[in-house]
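This report refers to the structure that appears directly beneath it.
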Amino acid sequence: MVKIELAKAYNAAEVEDAIYEKWEKSGFFNPDNLTEAKDPFVISMPPPNVTGILHLGHAFENSLMDVEIRYQRMKGKKAMIVPGTDHAAVATQARVEGDLKKQGIANPRQELGREKLLEKIKEFAENQKSIILGQIKKMGTSCDWSRLAYTFDEQRSEAVNELFKMMYNDGLIYRGYRVINWSVKGQSTCSDDELVYVDQLTKIYTFKYGKDFPIAIATTRPETKLGDTAVAVNPKDDRYKQYIGQKFTVDVGAKNSLTITVIADDGVDTNYGTGAVGVTPAHSPVDFEMYQKNKDIGIIPVIGKDGKMTEEAGVNYAGLDVLEAREKFVNWLRENDLLLKEEDLTHSVGTSDRFGDVVEAIPMEQWFVDVNKKVKERGMSLKELMREAVTRGHNGNSDKIINITPDRFKTIYLHWIDNLRDWCISRQIWWGHRIPVWYCDDCDQIFYGSENPGACPKCESIKIRQDEDTLDTWFSSGAWTFSTLGWPAETQDLLTYHPTSWMQMGYEILFFWMARMILMTTYALDDIPFRDVYIHGILRDKNGKKFSKSLGNGLDPIEIINKYGTDALRLSLLRGTSPGNDMRFYEEKVEGARNFVNKLWNISRFIIQSIDSPKIIDKTPVIKTLADQWILDKLNSITKSVTEELDKFNFSGAIDYLWEFTWADFADWYLEIAKVEGNKEEILLYILQNLLKLWHPFIPFVTEELWKNFDDKNLLMIAVWPKFIDQKPSDADENFEWIKNIITIIRNLRSENKVEPAKKISAIIISDKIKLLENQSEIIKKLARLENLSIIKKGDKPANSVGSAIGSTQIYIELASAVNAEVEVKRLQKEISELDKYAVGIEQKLKNEEFLKNAPEAIIKKEADKLKEAREKIEKLTLQLESLK
RNA sequence: GCACGCCUAGCUCAGUUGGUUAGAGCACCUCGUUUACACCGAGGGGGUCAGGGGUUCGAAUCCCUUGGCGUGCACCA
């Protein structure tokens with residue numbers, strides 16, 4: 001074999017693209033090619049929105065998914081990430097319309113029309129898509145590209161239509177006149193979950209509708225009061241209950257007069273405000289509910305889709321902007337002595353997450369998913385299905401429980417379900433799945449149809465038209481875990497790979513997405529969408545601010561990758577993070593990870609260059625020395641720990657074990673020892689190869705690149721995950737740690753006494769562990785830079801020496817010049833006094849009868865051993881101190 | 001208003017059933033170019049785990065409470 005030359009430093013940019021290509025060509029991203037693998041392990045990739053290119057948050061998600069999938073693949077699972085992108089209905093249309101406006105097209109919808117605008121959006125989306133897919137590859141994510149999906153492709157559209165049809169036929173989707181959230185700017189509805197609440201300082205006005213009206217009410221929206229049809233009071237309220245059922249006609253200065261009925265409602269808090277509520281059915285969801293119980297009070301919409309006052313608001317107001325109307329009405333109240341109070345109030349208002357404007361509550365005909373209606377043949381509502389999947393398990397089956405990490409999000413999710421109202425799914429935009437419903441203009445028949453049915457099924461008229469609206473993007477996202485596997489067709493993929501195994505997502509889309517996937521899957525497939533959900537926090541910048549375009553603090557992951565390598569980025573994103581918590585991102589972190597990757601490279605470089613023929617070592621090598629035993633035991637033990645941490649999805653914990661072992665135990669200690677003891681080819685290769693396997697899920701590129709030095713035929717990517725060997729524990733760890741300790745003490749003595757680092761000196765160790773020390777004397781001499789080392793059983797402190805102790809063992813180094821007694825006395829005194837405090841603490845514990853009675857025996861023994869060791873050390877140090885005086 | 005989370009070394013954070021003298025990375029101090037690595041090595045300093053109380057033989061960890069920061073939901077009459 002030719003001697004391999006490795007570069008002095010790992011250059012990620014040079015090798016990554018080629019490695020990814022090799023992986024992709026191998027076909028092993030597709031689990032169907034993992035012929036020896038058994039159980040499936042599937043991750044549905046949360047499809048990135050085609051609104052923009054990927055940011056660091058995506059890099060983080062890709063790192064999480066890829067670590068998990070590579071781990072499972074190496075564990076012998078049919079591992080698969082199903083990749084895809086999301087058409088992101090409103091978000092994408094809003095983005096493209098915004099761009100068009102900047103280009104001078106003031107009103108894209110009117111100027112371009114449906115077809116043209118859709119074409120523009122499609123062009124944009126396709127362009128973004130190809131950029132995004134390239135980025136995902138850069139991040140090293142091992143997706144099965146043969147199963148690439150898009151929420152808006154033909155297959156997924158079929159799933160959406162089928163789902164709609166099922167729900168429509170089951171009466172779970174209905175068209176109804178309800179108060180919905182309306183974005184004037186976007187000219188579309190949005191669901192309750194799409195609102196972003198912001199605090200707003202406003203005024204709250206207390207007034208009476210008229211001089212003769214007996215009850216005062218308060219409002220922050222006086223202009224909507226032109227649409228009031230009732231006043232609600234608590235039926236137990238003595239002040240008002242006499243008026244319940246009475247009707248009052250009031251003049252509100254709007255030319256039209258209002259008829260206000262006093263109604264009873266248990267929900268009214270008698271202690272809050274005036275204890276009475278003005279009821280505006282058209283512009284408040286809560287009031288609308290009261291109206292539905294008391295339809296005869298009537299409903300008067302006074303604000304229109306354009307955000308201006310309607311004709312019904314009265315001729316004095318029609319056409320006015322809401323703020324103008326507010327001012328006008330308040331002035332009128334004031335002039336007529338009806339305004340009782342005017343106070344400042346901070347309250348939160350809902351704004352559209354995509355268009356940014358404060359939404360208006362307006363009543364309209366829209367499509368809804370009924371979450372409270374019992375599903376046919378299930379005896380349960382969608383709400384109840386959503387609850388069951390995370391509590392007792394789907395259909396009461398404890399094997400079908402969705403496990404949420406960290407589990408506090410389960411509580412948050414359940415609380416959200418409690419407050420859930422019917423889901424408004426129709427949007428007045430064009431980019432999205434068109435609602436598969438048709439209307440007959442001749443007989444008013446409404447019927448389902450994913451394609452143009454040609455004629456009305458009832459009256460055969462051809463004057464039919466499809467609903468103009470499109471579906472909420474989350475309607476299609478909700479089907480993602482199964483639409484990507486071929487549903488509604490009964491595919492082999494569905495049989496093999498559903499339910500999926502693991503899902504990760506940020507907590508900010510818990511309600512949008514997780515909830516809807518659970519809803520859709522439990523309903524349509526009578527199953528859960530996934531077994532485990534890992535909820536992660538959001539990435540923030542150095543100062544804790546959210547990354548955002550408007551703040552201009554966004555970082556392009558590809559730039560980071562070009563500078564530090566993908567492995568470094570992945571490692572930095574996963575290290576020191578915990579599920580559910582936000583984390584800060586800063587470049588120094590990536591730099592540290594890059595340094596580690598380089599360290600691993602150089603460890604390998606050293607090993608590869610120091611041996612003749614690199615080969616695969618798959619059997620535990622022969623153990624020759626204590627150090628060998630120690631490092632192999634340690635490798636075995638961290639193999640167990642890393643596996644356990646990964647099984648708990650604790651990626652950071654797994655990294656900590658690996659990092660510590662690789663850098664400290666293996667590089668700093670064992671490699672140095674290998675230089676002394678020599679002849680360790682097999683052990684070095686064995687440990688390195690196991691390390692490459694254990695590290696591979698986290699830093700796939702550098703490990704794969706190194707692996708080819710040992711095996712240029714098989715990919716590390718499908719190597720078998722190292723197994724923990726369950727063996728009798730040896731005392732190698734204890735003994736070797738003790739030797740390490742002695743070396744550290746000598747190094748410390750040298751440093752404190754300003755011995756030149758390169759200078760070789762003499763040392764004396766007085767101990768009864770003669771044999772152990774003699775066996776390890778070469779290592780001690782080399783690593784502590786000793787010329788001579790005397791190991792004796794009994795003796796006195798040598799002249800011109802300084803020393804320390806571990807337990808009863810004393811360690812001295814000889815100094816060339818006289819000892820600075822004063823400094824040495826101080827040092828020893830300090831050490832003794834600290835040690836004494838420590839020992840006294842343990843002593844008290846051991847004197848405590850309660851402790852002795854209650855604590856486990858192992859703990860008591862540990863404490864006793866600690867005390868013995870400390871006391872012995874104090875004794876030896878005291879002797880040293882006395883000899884100086 | 002209700003709920004949840006966070007407050008651990010100068011900074012960023014781990015710390016999963018309560019039990020080592022509480023850890024890591026970066027930063028800092030001293031020393032060092034020993035051919036795997038200066039993207040490095042050796043040694044070191046630095047924390048009453050936000051404050052107070054409680055449970056316990058034993059608390060960063062469990063409970064109560066105060067304060068600060070953040071988030072979700074509700075309210076928004």
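Just so we're on the same page: letters track the sequence lines, and every chain starts at 1. What you are looking at is a predicted structure, and each value in this text was computed from that prediction instead of being measured. Basis for what follows: all heavy atoms, side chains included, without hydrogens, waters or symmetry-related copies.
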Practice task
Give none if A3(B) has no partner; otherwise give the nucleotide forming a Watson-Crick or G-U wobble pair with it, both distances under 3.5 Å.
Solution key: U71(B)
Practice task
Look at Lys862(A) and G19(B) and indicate whether a side-chain polar atom (N or O) is within less than 4.0 Å of OP1 or OP2.
Solution key: no
Practice task
Give a yes/no verdict on a cation-pi contact between Lys675(A) and Phe606(A), requiring under 6.0 Å between NZ or CZ and the six-membered ring centre and an angle within 45° of the axis.
Solution key: yes
Exercise for the section: Classify the nucleic acid contact of Ile217(A) as base, sugar-phosphate or nothing, counting any heavy atom under 4.0 Å across all strands shown. Expected result: nothing
Fill in the blank from the handout: Among the nucleotides C31(B), C4(B), A74(B), whichever has the atom closest to the side chain of Pro757(A) is C31(B)
Exercise for the section: Quote, to the nearest angstrom, the P distance that separates C64(B) from A3(B). Expected result: 11 Å
Exercise for the section: Return yes if the base of C37(B) and the side-chain atoms of Arg605(A) contain a donor-acceptor N/O pair under 3.5 Å, otherwise no. Expected result: no
Problem - Any strand: nucleotide that pairs with C11(B) via Watson-Crick or wobble, under 3.5 Å - result: G25(B)
Practice task
Give Leu345(A) one of three labels, base, sugar-phosphate or nothing, depending on what nucleic acid heavy atoms sit under 4.0 Å from its own.
Solution key: sugar-phosphate
Exercise for the section: With C1' as the reference atom in both, quote the distance from U61(B) to A14(B) in angstrom, rounded to an integer. Expected result: 14 Å
Problem - Candidate pair Lys837(A) and Glu834(A), rule salt bridge (Lys or Arg N to Asp or Glu O under 4.0 Å), full reasoning - result: CA-CA 5 Å; Lys837(A) 263 189 250 165; Glu834(A) 274 170 11; over 6 Å; no
Exercise for the section: For nucleotides C40(B) and U34(B), find the distance between their C1' atoms and express it as a whole number of Å. Expected result: 12 Å
Exercise for the section: Report yes or no: is there a donor-acceptor pair, N or O only, under 3.5 Å between the side chain of Glu672(A) and the base of A36(B)? Expected result: yes
Practice task
Give a yes or no answer on whether the side chain of Arg750(A) reaches the backbone of Arg785(A) with a donor-acceptor pair at less than 3.5 Å.
Solution key: yes
Handout entry: Nearest-Å distance once atom P is located in both U65(B) and G58(B)
Key = 23 Å
Practice task
Remember a base hit wins even if backbone is also touched, and classify Gly273(A) as base, sugar-phosphate or nothing at under 4.0 Å, heavy atoms.
Solution key: nothing
Exercise for the section: Give a yes or no on whether the ring-centroid distance for Tyr534(A) and Phe651(A) is below 6.0 angstrom. Expected result: yes
